[in-house]
Protein chains: 2
Amino acid sequence: MNGRKIISFENIKVACRNCSLTTLCLPMGLEPDDVEKLDDIVKRNRPLHRGDHLFRDGDRFHSLYVVKTGSVKTYAPSEDGGEQVLGFHLPGELIGLDAIEHEMHNCSAKILETSAVCEIPFEHLEELSSTIPSLQHQMFRLLSREIGHDEGMLTLLGKKNAEERLAAFLVSLSDRFKRRGFSSTDFYLSMSRHEIGNYLGLAVETVSRLFTRFQEEGLLNVERKHIQLLDTDKLHNIVQGEDSDSKRQYP
Amino acid sequence: MNGRKIISFENIKVACRNCSLTTLCLPMGLEPDDVEKLDDIVKRNRPLHRGDHLFRDGDRFHSLYVVKTGSVKTYAPSEDGGEQVLGFHLPGELIGLDAIEHEMHNCSAKILETSAVCEIPFEHLEELSSTIPSLQHQMFRLLSREIGHDEGMLTLLGKKNAEERLAAFLVSLSDRFKRRGFSSTDFYLSMSRHEIGNYLGLAVETVSRLFTRFQEEGLLNVERKHIQLLDTDKLHNIVQGEDSDSKRQYP
DNA sequence: AAAAACACTTGATCCATATCAACTTGCGCT
DNA sequence: AGCGCAAGTTGATATGGATCAAGTGTTTTT
């Protein structure tokens, strides 16, 4: 059916129902029968490498993408060469939802480390979800979740200081790794300090200094990309805007 | 059918197909027949007044809301009494999409001026859109649009300075008024300076000073809530990050 | 294996915007 | 109609984080 048979990766038996992301990804709450139908429309491409683009700003929209392994960043490029990092996407996370409206991508998606990504042709998905109410519901939920997530980021950028932003970033990663069965306290960052700073609305130097300070304060160990969280309680407190020493006269 | 007959506002003949918001609101691209079905599920409540809440953070989610006339702000309250303004909603704009995921509102919606608002019970809407593919498609588009809009705000808060933020805010309002058939250069703000500042991640004083400066520079006239845009070209340039005098050495 | 390019860190300085303070204006309420 | 308070303005000062600068460590290229 698919012309490319030379590289056998596509033939490996990987189905949605076997996918370890099953509770994170689309099928949640679907009948086995329906999962099979979904499975049929998902394309599984060969692994992608650091720097590859899934799509670019301005590309015509055809498919949503789900990270299977690895990680992907999305960013909005601006004319002058600058960019705003919009998100870092871990296994099970859906990419491309913002392109549905205009049938055109208005951000770019770049692979951060060797990754496997499922492609879901949107027209097929739409057809399928009009015949499977629980899939339609799941789609609404996923889109809604993305909106909720973005609203959280708006609060982060609008109200939080540098320290709170980095703490929130680390806690978010930690939680997401945990849900995926990885260590929540010991992980590697696939993005650069520059990308973290860009995402959080901070300069690289500020991110670097904060890592140093968090380490000095015993909150974590950091060695280049390798992070070990040591005091997640205190990190959570920082996210809430409660600096242990200063501030906080009356609750 | 509806218990409350005392106040006759509900009986006024206002249907989706007559609604002046028709191209902005849901029905776009629907058959007349389908519009009628949608019309049947929309509840039209009596007018709401400044300070009223459509819903509050934590409320169970039942319905989406569409502003018919007036304006509404949504905001995420924080424990300590602070808040982050998430958006200002004009006629034709949909409110509550972020609540679908958890069937619970995670922001509050407050009326800014006497407003009429349509209520769309989400369960009915969902049923209907599983039988009308073009309605399902329209729903996906609306959700996607919201995501795209939020991503634009992330760039605004992450990368733009105070001047660019206020200019972007004014240009956005101007465009939206225009699309609704109001003047794009002469309008009243229904929100306070404080709310504008909160929305844009700026202090009230900064907003006030910027209005004064924009007026001094001949970009606009401002008298309390009344705004007259005088040089929309220059405002657009500011949004793009091109300050006329300074900056801009090489393109 | 050396060289070049890049990623990160650390220190010194600057500046945009927050914060504090005082005053003015307009509006809701009795 | 006028009191009282909230909203807005304007000025003075403070500061968090940006920017500039210089150096170190790491990865990629040749």
Side-chain angles (χ1 to χ4, degrees), chain A residues 49-51 73 81-82 84-85 110 112-114 156-169 188-216 220-227 238 241 243 245-247 249, chain B residues 49-51 73 81-82 84-85 110 112-114 156-169 188-216 220-227 238 241 243 245-247 249:
Chain A
H49 301 288
R50 175 168 181 79
K73 87 165 178 188
Q84 169 69 42
V85 173
K110 202 174 192 173
L112 287 172
E113 61 188 317
T114 303
L156 187 113
L157 293 177
K159 294 281 169 300
K160 308 277 190 178
N161 65 24
E163 184 184 67
E164 290 160 1
R165 292 183 200 190
L166 187 63
F169 173 69
Y188 285 80
L189 300 173
S190 59
M191 68 296 288
S192 68
R193 301 285 191 270
H194 184 89
E195 288 166 324
I196 296 171
N198 186 309
Y199 179 58
L200 299 175
L202 301 172
V204 203
E205 294 93 328
T206 304
V207 175
S208 185
R209 278 185 249 271
L210 282 170
F211 271 125
T212 305
R213 206 172 94 209
F214 282 174
Q215 183 164 52
E216 284 166 2
L220 49 74
N221 277 333
V222 51
E223 200 198 336
R224 201 132 179 101
K225 304 275 188 189
H226 184 198
I227 305 287
I238 292 175
D243 195 342
D245 324 276
S246 56
K247 296 183 188 176
Q249 275 100 335
Chain B
H49 301 287
R50 175 167 180 80
K73 87 165 179 190
Q84 169 68 43
V85 173
K110 202 174 190 172
L112 288 172
E113 59 187 319
T114 303
L156 187 112
L157 293 178
K159 293 281 170 299
K160 309 276 191 180
N161 65 26
E163 186 184 63
E164 290 161 0
R165 292 182 200 190
L166 187 63
F169 172 69
Y188 285 80
L189 301 173
S190 60
M191 67 295 287
S192 68
R193 301 287 192 268
H194 183 88
E195 287 166 325
I196 296 171
N198 186 310
Y199 179 56
L200 299 175
L202 301 172
V204 202
E205 294 93 329
T206 304
V207 174
S208 185
R209 279 184 249 271
L210 282 171
F211 270 124
T212 305
R213 206 173 94 210
F214 282 174
Q215 183 163 52
E216 284 165 3
L220 49 75
N221 277 333
V222 51
E223 201 199 335
R224 203 134 176 99
K225 305 274 188 188
H226 184 199
I227 306 287
I238 292 175
D243 195 343
D245 324 276
S246 57
K247 295 183 187 174
Q249 274 101 339

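Letters A, B, ... are given to chains in the order of the sequence lines, protein chains preceding strands, and every chain is numbered from 1. These numbers come from a predicted model, not from an experiment.
Of the inter-residue distances, the one linking Leu166(B) atom CG with Ile238(B) atom CD1 reads 9.0 Å to the nearest 0.5 angstrom. Atom CG in Asn161(B) sits 11.0 Å away from atom OG1 in Thr206(B) (nearest 0.5 Å). Atom CG of Leu210(B) is separated from atom CG of Leu200(B) by 9.5 Å, given to the nearest 0.5 angstrom. Thr114(B) contributes atom OG1, which lies 5.5 Å from atom NE2 of His49(B) (distance to the nearest 0.5 angstrom).
The phosphate of dC8(C) (OP1 or OP2) has a side-chain N or O of Lys225(A) nearer than 4.0 angstrom.
Using a 4.0 Å cutoff to heavy atoms of chain A, the contacted part of DNA chain D runs 5' to 3' from dG17(D) to dT26(D).
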Table of protein N/O atoms under 3.5 Å from nucleotides 23-30 of chain C N/O atoms:
none

Report all interatomic pairs (protein N or O, nucleotide N or O of nucleotides 17-21 of chain C) with separations under 3.5 Å.
residue: dT17(C); atom: OP1; partner: Ala162(B); partner atom: N; Å: 2.8
residue: dA18(C); atom: OP1; partner: Gly201(B); partner atom: O; Å: 3.4
residue: dA18(C); atom: OP1; partner: Ala203(B); partner atom: N; Å: 3.2
residue: dA18(C); atom: OP2; partner: Ala203(B); partner atom: N; Å: 3.2
residue: dA18(C); atom: OP2; partner: Thr206(B); partner atom: OG1; Å: 2.3
residue: dT19(C); atom: O4; partner: Arg209(B); partner atom: NH2; Å: 2.9
residue: dC20(C); atom: N4; partner: Glu205(B); partner atom: OE2; Å: 3.0

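Glu216(A) meets the side-chain contact (heavy atoms from CB on, under 4.5 Å) test with Thr212(A), Arg213(A); sequence neighbours excluded. Qualifying salt bridge (Lys or Arg N to Asp or Glu O under 4.0 Å) partners for Glu195(A), counting only residues two or more places apart in sequence or in other chains: Lys73(A). Residues passing the side-chain contact (heavy atoms from CB on, under 4.5 Å) test with Ser208(B): none are found, sequence neighbours excluded. A search for ring pair (Phe, Tyr, Trp, His ring centres under 6.0 Å) contacts involving His226(A) returns Tyr188(A), not counting sequence neighbours. Partners of Arg193(A) under the side-chain contact (heavy atoms from CB on, under 4.5 Å) rule, at least two apart in sequence or in another chain, are Leu189(A), Val204(A), Val207(A), Phe211(A), Val222(A). With sequence neighbours left out, Lys160(B) forms a side-chain hydrogen bond (donor to acceptor under 3.5 Å, both in side chains) with no residue at all. In terms of the side-chain contact (heavy atoms from CB on, under 4.5 Å) criterion, residue partners of Leu157(A) (sequence neighbours excluded) are, by chain and number, Arg165(A), Leu154(B), Leu157(B).
In this structure a side-chain-to-backbone donor-acceptor pair under 3.5 Å is present from Lys225(A) to Met191(A). Within the 3.5 Å criterion, the main-chain N or O of Leu112(A) finds a donor-acceptor partner in the side chain of Arg50(A).
Looking at residues 192-200 of chain A, you'll see that no heavy atom sits under 4.0 Å from any atom of DNA chain D.
The side-chain heavy atoms of Glu164(A) and Leu156(A), taken from C-beta on, include no pair separated by under 4.5 Å.
Over its length, the helix from dA1(C)-dT30(D) to dT30(C)-dA1(D) turns its helix axis by 60°, as judged from the five terminal pairs at each end, rounded to 10°.
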